[in-house]
Every structure is written in C-alpha cells, then in structure tokens.
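One structure is given below, encoded as structure tokens.
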Number of protein chains: 2
Amino acid sequence: MTEKLNATFFYILEKSIKSYRQMAQRTISDEFGSITVDQLLVLQTMKDQPELTQQQIAVAVFKDFASITRIIDLLVRKGYLKRSDHPTDRRRFALTLTSEGEDLLIQVRPRILKNRRIALEGVEEEEMAIARKVLARIVENCSK
Amino acid sequence: MTEKLNATFFYILEKSIKSYRQMAQRTISDEFGSITVDQLLVLQTMKDQPELTQQQIAVAVFKDFASITRIIDLLVRKGYLKRSDHPTDRRRFALTLTSEGEDLLIQVRPRILKNRRIALEGVEEEEMAIARKVLARIVENCSK
DNA sequence: GTCATAATATTGATATATCAAATAATGATT
DNA sequence: AATCATTATTTGATATATCAATATTATGAC
C-alpha cells in the first residue's frame with residue numbers, strides 16, 4: 001500500500017507544479033502578452049546577478065545550457081536584453097538589460113508575488129516548512 | 001519575508017520534480033534504451049483503462065491533447081501499440097497494446113517502483129501526508 | 001611559446017507543452 | 001433528411017528539455 005501512496009504522491013507533485021505554471025503563464029499572458037514565465041525567470045536572474053555566465057544562470061534556474069542560449073536569443077530579439085562583447089573573455093558575451101527589460105521586470109513583479117500568494121492561500125507556515133523539507137529530501141535522494 | 005519563503009518554496013518544488021524526472025529517465029534509459037517516462041506513463045494508462053478516449057487519457061496523465069497524439073504516434077512507430085478502426089466511432093481509433101508493449105510494462109515496473117522508493121527514502125509517512133495536502137491545496141487554488 | 005585540455009557557448013535532432021486552427025464524424029434540432 | 005453544434009483527433013507554430021556534436025577561446029603543463 002506504500003506503493004500506491006508513493007504513486008499518488010508523484011502524481012500530485014506533477015499536477016501541482018503544472019497547475020501553478022499554467023495559472024502563472026495565463027495571468028502573465030493576460031497582462032503582458034507574449035512573454036513566458038521562463039523568459040522572465042532568466043531575465044530576473046540576469047538582473048539580480050549580472051556577473052553570472054550563461055552556464056551559471058542555467059544552474060541557478062535549473063535549466064539546460066542549450067535552453068538558456070535559446071531563451072537569451074528570444075530576450076534579445078524582443079528587445080529586453082542587449083548583447084555586446086565581453087571585455088575580458090571572448091568566448092562570452094556581455095549581456096545587459098535594456099530599459100524595456102528593466103521596466104518589464106518592475107511591472108511584472110507584483111503579478112508574480114500575487115500568483116504565489118494565490119497558489120499558497122490557506123497553507124499554514126508549518127505545513128509549508130514540512131513540504132519544503134520533503135521536497136529537499138527528494139532532490140537530495142535523486143542527485144546521488 | 002513570507003515572500004522569500006514563498007519564492008524558495010516554488011523553487012524547490014520545480015527542482016524536486018525535475019530532479020526526480022531526470023533520475024527516473026536516466027535509470028530507464030540505462031536499462032531500456034530509447035523510451036521516455038512520458039511514453040511509459042501513457043502506455044500504462046492505456047493498459048489500465050483501455051476504454052478511455054485520447055482526451056480522457058490526456059486528463060488522466062495531466063497532458064495536452066496534442067501531446068497525447070504525438071506520444072501515441074511514437075508508441076505505434078516503436079511497435080508497442082497497435083492502431084485499428086474503432087468499432088462504433090470513426091473519429092477514433094481502437095488502440096491496443098502489442099505483446100511487446102505488454103512485456104515492456106512488466107519489465108519496467110520494478111524499476112519505476114524502485115525509483116519512487118529511492119526518491120522518498122528517509123521521508124516519514126506523516127511528512128509525506130502533509131506535503132500531499134499542501135500540493136493538493138495548490139492544485140485547488142490554481143484551478144479556480 | 002606550444003600543445004593538450006578545459007571552459008563557454010551554439011547548433012542540431014528529437015520529445016514534450018501549449019495554443020490555435022483544421023478535419024472529420026457524431027448527435028440533436030428542425 | 002439537411003443543418004448545426006459538439007466531440008475526437010490531428011496538425012502547425014513556437015517554446016522548452018535533453019543529449020550529442022561542434023566551434024571558439026582560455027588556461028596550464030611543459
């Protein structure tokens with residue numbers, strides 16, 4: 001019977017993250033049009049830690065190197081990021097947010113905070129702490 | 001500060017499901033070669049509930065209709081599923097597992113159970129129950 | 001300083017996610 | 001029976017995930 005409990009646990013885990021992502025994307029699209037949550041996540045990370053390499057960004061947002069390359073391409077094409085030569089390492093680019101990128105993040109932020117509050121409404125702090133602990137343990141167990 | 005806790009919660013939620021999926025896919029690929037976890041999930045669902053329409057399968061495994069179409073295509077191409085005419089509804093196909101498909105599921109099952117045990121090692125039943133409750137609440141909150 | 005190796009990023013191929021549009025068949029209405 | 005709305009599925013377009021291969025630059029051993 002533990003097996004069944006385990007199965008339903010991973011089912012609800014998948015379902016919860018997908019539900020959240022769908023809700024988040026829907027509300028963002030409604031307010032801001034053609035931008036994805038992943039693109040915003042990468043943009044925010046580049047603003048917060050401008051010194052990171054693309055590979056470090058990938059690790060930070062838990063994405064693949066190749067995905068980061070493509071997401072950055074889209075952000076440049078959309079005018080939220082600017083590529084220029086890197087001063088000391090010619091393998092890299094210097095990537096800086098444009099003023100449009102900065103503005104976008106400022107405007108989107110309240111929506112993101114709201115989405116998290118909506119998703120966690122009615123969840124007690126202690127429950128959340130336990131859930132966090134369980135999830136962290138899963139990460140640990142799966143990374144060995 | 002609640003904001004920060006919320007942010008890290010969704011971070012660890014993303015990270016845990018990705019860690020689990022990566023571990024699961026890696027072990028499956030090592031043992032069984034070119035088959036994805038998603039393909040196995042759909043195949044198992046069709047075995048367990050053969051009467052379901054593709055749309056009902058999509059709901060059951062929490063995937064898009066279009067994804068189900070493409071996953072089924074791959075399963076047919078790989079010889080695990082057989083398409084034939086549906087007896088009463090010509091919009092649909094009758095989809096049945098081949099003996100290769102049946103065999104595959106039987107062989108894969110222990111590995112799937114093992115993966116779940118690995119991922120949940122050291123997690124107490126009560127903690128898991130609370131985590132499940134939190135995740136279910138998130139699903140509820142995001143589906144309104 | 002040269003060379004092997006490592007680091008950084010890109011590209012290609014395939015699978016999946018999502019939305020919208022298209023096809024085709026069914027069921028209900030008149 | 002012809003029409004119309006609904007249902008079931010597929011297809012197209014774009015974004016992301018993953019793995020493998022490639023290109024370019026940097027660095028360390030010698």
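Lettering of chains follows the sequences in order, A, B, ..., and the numbering in each one begins at 1. Every heavy atom of this structure was used, including side-chain atoms; hydrogens, water molecules and symmetry mates were not. Note that this is a predicted model, so its numbers are computed, not measured.
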message: Before you tell me yes or no, could you show the steps for B:Arg70 and B:Asp64 under salt bridge (charged side-chain N to carboxylate O under 4.0 Å, His left out), namely the whole-Å CA-CA distance, both residues' side-chain angles and the distance that decides it to 0.1 Å?
response: CA-CA 10 Å; B:Arg70 283 155 187 149; B:Asp64 191 76; over 6 Å; no
message: Out of the candidates B:Phe9, B:Tyr11, B:Phe10, only one should pair with A:Tyr20 under the ring pair (Phe, Tyr, Trp, His ring centres under 6.0 Å) rule; please name it.
response: B:Phe10
Verify same cluster id: B:Val76, B:Leu52 (apolar side-chain graph, 4.5 Å): yes
- prompt: Under the side-chain hydrogen bond (donor to acceptor under 3.5 Å, both in side chains) test, which residues partner B:Glu127, sequence neighbours left out?
  reply: A:Lys133
- prompt: Can you tell me if B:Thr53 and B:Gln55 form a side-chain donor-acceptor pair at under 3.5 Å?
  reply: no
query: Among A:Arg26, A:Lys114, A:Arg111, which one satisfies salt bridge (Lys or Arg N to Asp or Glu O under 4.0 Å) with A:Glu31?
result: A:Arg111
- prompt: Near B:Arg109 CZ, under 6.0 Å, is it more than 12 heavy atoms from other residues, nucleotides or ligands?
  reply: no
Strand contacts (DNA chain D) in residues 18-30 of chain B, 4.0 angstrom heavy-atom criterion: B:Lys18, B:Gln22
field: Range on DNA chain D touched by chain A, heavy atoms, distance below 4.0 Å
entry: D:dA15 to D:dA26
- prompt: Are more than 12 heavy atoms from other residues, nucleotides or ligands located less than 6.0 Å from atom NZ of B:Lys82?
  reply: no
message: Would you say A:Asp48 and A:Gln44 are linked by a side-chain donor-acceptor pair, where the criterion is simply a distance under 3.5 Å?
response: yes
- request: Report, as a single string ordered 5' to 3', how protein heavy atoms within less than 4.0 Å touch nucleotides 1-8 of chain C: B base, S sugar-phosphate only, - not at all.
  value: ------BB
query: Where along residues 57-70 of chain B does a heavy atom come under 4.0 Å from DNA chain D, residue by residue in number order?
result: B:Phe65, B:Ala66, B:Thr69, B:Arg70
field: Shared hydrophobic cluster for A:Leu40 and B:Leu13 (ILVMFWY, side-chain gaps under 4.5 Å)
entry: no
- request: Hey, which sits more toward the 5' end of DNA chain C by its nearest nucleotide, B:Gln39 or A:Asp73?
  value: A:Asp73
message: My understanding is that only residues two or more places apart in sequence, or in another chain, count here; which of them pass side-chain hydrogen bond (donor to acceptor under 3.5 Å, both in side chains) with A:Asp30?
response: none
- request: Check for a donor-acceptor pair, side chain of B:Glu14 on one end and backbone N or O of A:Ile17 on the other, with a separation under 3.5 Å.
  value: no
